[in-house]
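Single-structure report; data block below.
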Amino acid sequence: MTALTDDTLPVTPRAMRDEMILFVVMAVLLAAVPFSGIYPFFVMQALCFALLACAFNLLIGYGGLLSFGHAMFMGTAGYCSAHALKVWALPPELGILVGIAAAFGLSLVTGYISIRRQGIYFSMITLALSQLLYFIYLQAPFTHGEDGIQGIPQGRMFGIFDLTKPTVLYYVVLVGFLAGFLLIYRIINSPFGEVLKSIRENEPRAISLGYRTDQYKFLAFVLSGTLAGFAGALKVFVAQNASLTDVHWSMSGEVVLMTLVGGLGTIFGPVVGAFVIIAMQQYLAGFGQWVTVIQGSIFVICVLTFRRGVIGEIAHYFRRSL
Amino acid sequence: MQALYAQLLVGLINGSFYALLSLGLAVIFGMLNIINFAHGALYMMGAFVAYFLLNLGGINYWWALLLAPIIVGIFGMILERTMLKFLTGLDHLYGLLLTFGIALIVQGVFQNYFGSSGLPYAIPDQLKGGMNLGFMFLPVYRGWVVIFSLVVCLATWFLIEKTRLGAYLRAATENPTLVRAFGINVPRMITLTYGLGVGLAALAGVLSAPINQVRPLMGADLIIVVFAVVVIGGMGSIMGSIITGFALGVIEGLTKYFYPEASNTVVFVLMVLVLLVKPTGLTGRAA
């Protein structure tokens, strides 16, 4: 079994400093968006997907587990948040919590089931589980089937921040994204993250060293699923709807694509990938199904010639981990 | 009771498709170590090739049954030669990602030209009409699909388990380097195996064309169910794939009769149950 990323460099204090500098640059650039004339809705959408892709990357890039059903966490959290906001009329912060809790519960169950098989089977199981959920949501009354939950009130966060104002909403989403990103960064560089990487590199050896690898993988799955749920809950405020597209397998495929383009197992890769793919969809929206064809082509090109992804290639060139 | 038998028949037909598709997946996985995500798209191509042959070339169903698997099989072999073979030695996941990309391309192209609605494909004259079996009315074409699929599945099993070619194939699955040392052209065998698996998918596509209509996305959802079938049955045994495929089709048919709301989900629920009780799958070896 060859490793997913062929060059894992030790995280030295210097590398960590570089990463923190890059993080600050990213945060400042993103914070400047409302003053730049860039359409904030586009950036907010991209940020939600970036967080989703980062959560997905935690599992594939550091745990070596390719989930082909990550849309189920996003969609579930989206539906539950939307329901809590619209029907129960909860304030935004509680609505987000409801979504996160739902994704947490779902990842406990699906993680328990899917972690039982490895490699390719794991991918097929997560895909099948997300399809199971898709059909449940298609029939469940509270999701309103094909229509989805629409016209979700955005409300006031903590009673102060008026989320109906685009700029306020933008900064709330940005803070949410940065918090999620830092949490993932912390997880990756924790002792837990190191064990996870060792499992990715050589699971039998990790077992022989006394680690209960199943527990580590399960915890990584739950963390990843819950964070994906956070992204889904944030997206409800941006899109103001929750629909079946968010639980469909094609959405799971898009998340995989974003991470692959940016670079599997890189810290900033999923963010770059999410912006690239969302921008592409935006610009090519008029071309109908050719978008699917282009996405498929990117998959093929990435796998055949560009397996490290954008950030992975840059990091490889500079011999850094990014 | 009539309705029950009718649903059982539908179940058997779906089971035939599950069996043909999961059989192809298992054969391909054995040789190439790749889960062929493009299987559903190639199944769809089989149906479309039959449609083109009839409407553009005036070539009837019977020839399509032979030609479509060959044409799509050749397309598959080109894919293997130009792309899949470069994945040797890489993590399994890249094969899944690459074939997923291929599936998106193929489905996207067909969707552009044919939309998402279905194109009709007429049942051939010889198989029109039905038979009264006493306890139920059996449309001849549906009976034909079940029996023909079963014959093809068993023939594939025979080819792989009982012939000299199959013995080479199984040997190359176990240890390709050693088989090469005996002077057998393993890369060519890999290409042919992929062609065979893809051909089976295309054959299932032709069989389903008169029943399910010809649609660009006809394989997209089917392949996910087939993945669940593969997880349940395991890919270790050819006969296992065949039996699991038919059995799950029948269970799905029964569900349609007794509790129709769950008919979409029953295969996935069964997959969960199997994973909880016997994580390696019913016939599978550890992956």
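Letters A, B, ... mirror the listed sequences (proteins, then strands); counts begin at 1.
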Might you work through the side-chain hydrogen bond (donor to acceptor under 3.5 Å, both in side chains) test for B:S116 and B:Q111, ending with a clear yes or no?
CA-CA 6 Å; B:S116 290; B:Q111 263 188 297; 3.3 Å; yes

Side chain, backbone, both or neither of [X] within contact of chain B (heavy atoms, under 4.5 Å):
{"X": "A:V256", "answer": "side chain"}
{"X": "A:I125", "answer": "both"}
{"X": "A:I298", "answer": "neither"}
{"X": "A:Y134", "answer": "neither"}
{"X": "A:Y112", "answer": "side chain"}

Highest number of heavy-atom pairs under 4.5 Å with chain A: which of [options]?
{"options": "B:N112, B:V230, B:L98", "value": "B:N112"}
{"options": "B:T265, B:V106, B:V225, B:I34", "value": "B:T265"}
{"options": "B:G101, B:G108, B:A220, B:G95", "value": "B:G101"}

Would you find more than 12 non-hydrogen atoms of other residues, nucleotides or ligands less than 6.0 Å from A:F306 atom CZ?
yes

Could you tell me which residues in residues 71-80 of chain B have at least one non-hydrogen atom under 4.5 Å from a non-hydrogen atom of chain A, sorted by residue number?
none

Proximity breakdown for [X] and chain A, heavy-atom pairs closer than 4.5 Å:
{"X": "B:M271", "answer": "side chain"}
{"X": "B:Y113", "answer": "side chain"}
{"X": "B:L87", "answer": "side chain"}
{"X": "B:V267", "answer": "neither"}

Criterion ring-ring contact (aromatic ring centres under 6.0 Å, His included) on A:F68 and B:F37, from CA distance to verdict:
CA-CA 11 Å; A:F68 231 102; B:F37 216 128; 5.2 Å; yes

Could you tell me how the ring of B:F48 sits relative to the ring of B:F110: parallel (under 30°), tilted (30 to 60°) or perpendicular (over 60°)?
tilted

Mind telling me whether B:F114 and B:F52 have parallel, tilted or perpendicular rings, with 30° and 60° as the class edges?
tilted

Under a 4.5 Å cut-off applied to non-hydrogen side-chain atoms, are B:F100 and A:L257 in contact?
no

Does A:R212 qualify as a cation-pi partner of A:Y216, given the criterion of NZ or CZ under 6.0 Å from the six-membered ring centre and within 45 degrees of its axis?
no

Out of curiosity, B:I238 CD1 to B:M235 CE, how far, rounded to the nearest 0.5 Å?
11.0 Å

A:F221 and A:F73: CA distance, side-chain angles, deciding distance, ring-ring contact (aromatic ring centres under 6.0 Å, His included) verdict:
CA-CA 11 Å; A:F221 190 95; A:F73 302 115; 5.8 Å; yes

Chi angles and distances behind the side-chain contact (heavy atoms from CB on, under 4.5 Å) call for A:Q295, A:I277
CA-CA 8 Å; A:Q295 285 186 343; A:I277 299 298; 4.1 Å; yes

Keeping A:S224 on the side-chain end and A:A220 on the backbone end, is there a donor-acceptor pair under 3.5 Å?
no

Can you list the steps and then say if B:F268 with A:L133 is a side-chain contact (heavy atoms from CB on, under 4.5 Å)?
CA-CA 10 Å; B:F268 302 120; A:L133 228 68; over 6 Å; no

